[in-house]
There are 2 protein chains.
Amino acid sequence: MTTIYDVARRSGVSPATVSRVLSGRRNVDPELSEKVRAAVAELGYRPNGVARNLRKASTNLWAVVISDIENPFFTSLVRGLEDVAQTEGYHVVLCNSDEDPAKEAAYASAVLTEQMAGVVVSPTSTAEGVLQLAEAKTPMVLIDRRVDGVEADTVLVDNEHGAAEGVKHLIDGGYERIACITGPRRVSTAMDRLAGYRSALRAAGIPYDKDLVRHADFREAGGFAAMESLLELPEPPEALFVSNNLMTVGALECLAKRGLRAPDDIALVGFDDIPWADLVVPSLTTVAQPTYELGRTAGLLLKDRIAAPGRPPSTVTLRTELHVRATSAPKQK
Amino acid sequence: MTTIYDVARRSGVSPATVSRVLSGRRNVDPELSEKVRAAVAELGYRPNGVARNLRKASTNLWAVVISDIENPFFTSLVRGLEDVAQTEGYHVVLCNSDEDPAKEAAYASAVLTEQMAGVVVSPTSTAEGVLQLAEAKTPMVLIDRRVDGVEADTVLVDNEHGAAEGVKHLIDGGYERIACITGPRRVSTAMDRLAGYRSALRAAGIPYDKDLVRHADFREAGGFAAMESLLELPEPPEALFVSNNLMTVGALECLAKRGLRAPDDIALVGFDDIPWADLVVPSLTTVAQPTYELGRTAGLLLKDRIAAPGRPPSTVTLRTELHVRATSAPKQK
DNA sequence: GCCCTTGTTTTGAACGTTTCGAGCAGGATG
DNA sequence: CATCCTGCTCGAAACGTTCAAAACAAGGGC
């Protein structure tokens, strides 16, 4: 391996000067600089990033800790983050936590020992990894969910407002008996979306009926089961609001299996888009989240945090957008 | 930051001994070992991964260079890879090349300067990055596509056989005038799938008509345009084989826009699944690739390559699986 | 009692960079 | 002419680990 010493010898200067030439500092004689560049080219020298990292006590890695890259929500988010990372000179390390606090903690530990420059994390319910990172003062951006007791930059979506908008849309379509499938009680997004559901009902003067609410696990199977349980009610709902994409898919599968159709048998609005929602027939009405933008924003916040670690943390809340499609067509009287 | 020296001082041994205790080597007195562990716990010592990497001249990073994480094919592949990486003690760095040889080359360069332990890459058409890595003898696994002149471990799918099976399925359904939308000429997978299309026709005694073949860009827009061009033929095809998932989506969108339906107006088989292909109505017949398994296999090959760099490269070919759904229903006479 | 062997620990030298302080010209100033 | 700057360059010390080689202790054979 050729080192900075080889280049120094070849160009007749000291390693220190080579270093300054390569790191683009000023205060170096143009003539020497030229010699150094020539030597670099001749020798095919490539700086050793690891050595630089050791010396500088930091790497150019960002970790992104999410529950599962196969969830389209995170896929697009990660893409947004990676695009920012690329322009800022960082690389993104992908970490699937599968909502498992132990895995999250293991990744947090890796972030610390590998001296990564920063982390973007969508916290699991217990969030011990996040606490560990917060304590170590690692630059960190929380995404999608808040964590009690942790002060950190956060990127959220206006869950309550988005959910309310989706439910209001159903109400406007003439539906009154509207059910809700949401996520675990410990997850802030699940509760925020439920709150939106309730506030839309309240605004319309429809009484809240807790028998119409199900808490599932944000996964396909959970949505399926919750849908089944709702359909088995003595008086099934005439419309449904589902609070994430995978559970919506599960609910749709349940309907398909039973030969039921939206919106004729039950009207449907889902939170969070799924790819090609237009191709599903009947096409799916969703409260779309700006997932790419979420990732991008997180990247920008992380960059700023690294540049100025002392600054007080900020929270950015992005707006959702209601995509009206076929499953929420107005009630036929 | 607490270092191995601090631990050594605290436990009354030399740094070397601490190192041996922590790296789990034998030849260390259990009593000392215990003391060291105690000191580690008391001080909250955490080894510095960067320093270790420098000394060992290698990191625990794998890069995965793909065209776009938002393509479900790669999403699932990356997930398979990451699962192997995790059990083997590596981390995965995500690199979206967007089919841009310059970006690919930039990532290849980063792999070298950051001393990453290995790379899994789905090569772009010109593959200069791959050549650079091959020259540097970086452990590398090629995925999905072959590269001329590069000897490396490779994981492929039996494209020709899979395509032939899909097309034969259409022929068996009574269709004869079958079109094909495939990818760029320089990409091996595109040509392999086209070859499968041709061989299925040949086996059935159907003459090959090059007017029924379109080369597009493997993207949604390309599939859309190719579909339009096929529909404008004086005598449009009665069935269609599309050689990747995004172009299939594009083709479906084109049909939807024109108010045409599969399989009544045109029967359809796509190569590569899309998520929730069952939910699309009519549900989509596909030649499914074992995408997760592709990533997993690549990970295992990479692990082996790192363990034994000298071994001759091997190629693994995985089988596709025909998922018969609604869009390929037999022709109604 | 001496020497060799075996098993464990320590010393000290890397690994390849960056950066601090010192050194050294050469010009400006008093 | 001495002194002070200014602008560059260089030497050397980190950064925190691992590992080869040396040192040491203890046990066994002759």
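Convention: sequence-line order gives letters A, B, ...; per-chain numbering from 1. Just the heavy atoms: all of them, side chains too, but no hydrogens, waters or symmetry mates, feed the values below.
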Given [options], which nucleotide is nearest the side-chain atoms of [X]?
X: A:I4; options: C:dT17, D:dT9, D:dT18; value: C:dT17
X: B:Y45; options: D:dT17, C:dT17, D:dG11; value: D:dT17
X: A:A51; options: D:dT17, C:dG16, D:dC10; value: C:dG16
X: B:T17; options: D:dT17, C:dT10, D:dA12; value: C:dT10
X: A:R55; options: C:dT17, D:dT17, C:dT9; value: C:dT17

Rounded to the nearest angstrom, tell me the gap between atom [atom1] in [X] and atom [atom2] in [N].
X: B:N48; N: C:dG16; atom1: CG; atom2: P; answer: 17 Å
X: B:R52; N: C:dA14; atom1: CZ; atom2: C1'; answer: 17 Å
X: B:E31; N: C:dT9; atom1: CD; atom2: C1'; answer: 14 Å
X: B:L54; N: D:dC19; atom1: CG; atom2: P; answer: 12 Å
X: A:R20; N: C:dT18; atom1: CZ; atom2: C1'; answer: 11 Å
X: A:Y5; N: D:dA13; atom1: OH; atom2: C1'; answer: 10 Å
X: A:N53; N: D:dT17; atom1: CG; atom2: P; answer: 15 Å
X: B:D29; N: C:dT10; atom1: CG; atom2: C1'; answer: 15 Å

### Query
Of the non-hydrogen atoms in B:S97 and B:T124, which two are nearest, and what is the gap between them?
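Here B:S97 and B:T124 meet closest at OG-CG2, 3.9 Å.
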### Query
Looking at A:V18 and A:A8, what are the two nearest heavy atoms and their distance?
CG2-CA, 3.7 Å
#### Entry: 5' precedence on DNA chain D between A:P15 and B:V18 (nearest-nucleotide basis)
A:P15
### Query
At under 4.0 Å, does any side-chain N or O of A:T3 touch on OP1 or OP2 of C:dG16?
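No.
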### Message
Is there a side-chain contact between B:S19 and the phosphate of D:dT18, meaning an N or O under 4.0 Å from OP1 or OP2?
### Response
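Checking B:S19 against D:dT18: at least one side-chain N or O falls below 4.0 Å of OP1 or OP2.
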### Message
Heavy atoms only, 4.0 Å cut-off, all strands: where does B:A57 land among base, sugar-phosphate and nothing?
### Response
nothing
### Task
Check every strand shown and say whether B:V50 touches a base, only sugar-phosphate, or nothing at a heavy-atom separation below 4.0 Å.
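If one applies the 4.0 Å heavy-atom cut-off, B:V50 turns out to touch nothing in the nucleic acid.
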### Message
For B:R52 and A:T113, which I'm curious about, is there any donor-acceptor pair between the side chains at under 3.5 Å?
### Response
no
### Message
Could you check whether any side-chain heavy atom of A:L61 comes within less than 4.5 Å of a side-chain heavy atom of B:L61, counting everything from C-beta outward?
### Response
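Side chain of A:L61 against side chain of B:L61, heavy atoms only: contact under 4.5 Å found.
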#### Entry: Pairwise 5' ranking along DNA chain C for B:L32 and A:P47, keeping only the more 5' one
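Nearest nucleotide further toward 5': that of B:L32.
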### From CA spacing to verdict: side-chain contact (heavy atoms from CB on, under 4.5 Å), B:N60, A:E114
CA-CA 9 Å; B:N60 56 353; A:E114 301 301 327; 3.5 Å; yes
